[in-house]
Amino acid sequence: MLLSTDIWVSALIRRAEIGGAFGVVVRKGDARAGAVLVKVLNRTDGTARLYAEATRMDGERVWMQPQLTDQEPDLDRYIERAARIDPDIWVVEIEDREGRHFLTEPVEKA
C-alpha cells in the first residue's frame, strides 16, 4: 500500500459508510505497515466473505479470498490463525445488505 495502513483503513470504512454500509476496525495492527483482512457480512442472506491483500506474479497488488467458505465461524478461525502468525494484522468488518466489499483495488475472482 502506498498509504499508511491506518489511513487506508479509515478510507475504506468511510467508503462503506458513504455507500450505506457499516464498517468497523475489529483488530488494530501496525499503523504504518500492517497487513489487512476485510470481512464482509451480508445479513440479508447470512453469508460472509473474507478478503486478503496479495501480490500477483507481475507485482500488482490485488485482493483475494483466502477462504472460499461463506460461513462466518470458518472465517473467524482463519482470522484467529492469521493474527497468531502476524500480530501486526488489521481486521476490518463491513456489514452491508448487498454484501459489497468497497475495495477499490482489483479483486481476484475465486
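The first residue in the sequence is number 1, and the count goes up from there.
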| side-chain contact (heavy atoms from CB on, under 4.5 Å) between T44 and R97, worked out | CA-CA 6 Å; T44 304; R97 284 174 282 186; 3.8 Å; yes

| task | Give, for atom CD of Q65 and atom CG of L75, the distance between the pair rounded to the nearest 0.5 Å. | result | 8.5 Å

| said: Within this structure, what is the CG-CG distance for the pair L37 and L50, rounded to the nearest 0.5 Å? | reply: 5.0 Å

Among all residues two or more places apart in sequence or in another chain, which pass the salt bridge (charged side-chain N to carboxylate O under 4.0 Å, His left out) test with [X]?
X: R43; result: E72, E95
X: D58; result: R56
X: D96; result: R100

Same cluster (ILVMFWY, side-chain, under 4.5 Å), [X] and [Y]:
X: V25; Y: W63; answer: yes
X: V92; Y: Y51; answer: yes
X: V36; Y: M64; answer: no

| query | So do K28 and W90 actually touch side chain to side chain, heavy atoms under 4.5 Å? | reply | yes

| query | Side chains of I94 and V38: does their closest heavy-atom pair fall under 4.5 Å? | reply | yes

| message | Does either side chain, that of W8 or that of E105, offer a donor lying less than 3.5 Å from an acceptor on the other one? | response | yes

If you look at every heavy atom in [X] and [Y], which pair is closest and at what distance?
X: A48; Y: L41; value: CB-CD2, 3.6 Å
X: P87; Y: I85; value: CD-O, 3.7 Å
X: S4; Y: A31; value: CB-O, 3.6 Å
X: L103; Y: V107; value: CD1-CG2, 4.1 Å
X: N42; Y: E98; value: ND2-C, 3.7 Å

| message | So, using side-chain contact (heavy atoms from CB on, under 4.5 Å) as the criterion, who are the partners of D70 when residues are at least two apart? | response | T47

| field | With V91, the side-chain contact (heavy atoms from CB on, under 4.5 Å) member among V9, V26, V24 | value | V26

Which atom pairs, donor and acceptor, lie under 3.5 Å between side-chain atoms of residues 10-23 and protein residues at least two apart or in another chain?
from: S10; atom 1: OG; to: D6; atom 2: O; distance (Å): 3.0
from: R15; atom 1: NE; to: F102; atom 2: O; distance (Å): 2.9
from: R15; atom 1: NH2; to: F102; atom 2: O; distance (Å): 3.2

Mind listing the side-chain donor-acceptor pairs of residues 76-84 below 3.5 Å, one per line with the distance, residues two or more places apart or on another chain?
from: D76; atom 1: OD1; to: K39; atom 2: NZ; distance (Å): 2.6
from: R77; atom 1: NH2; to: D74; atom 2: OD1; distance (Å): 2.3

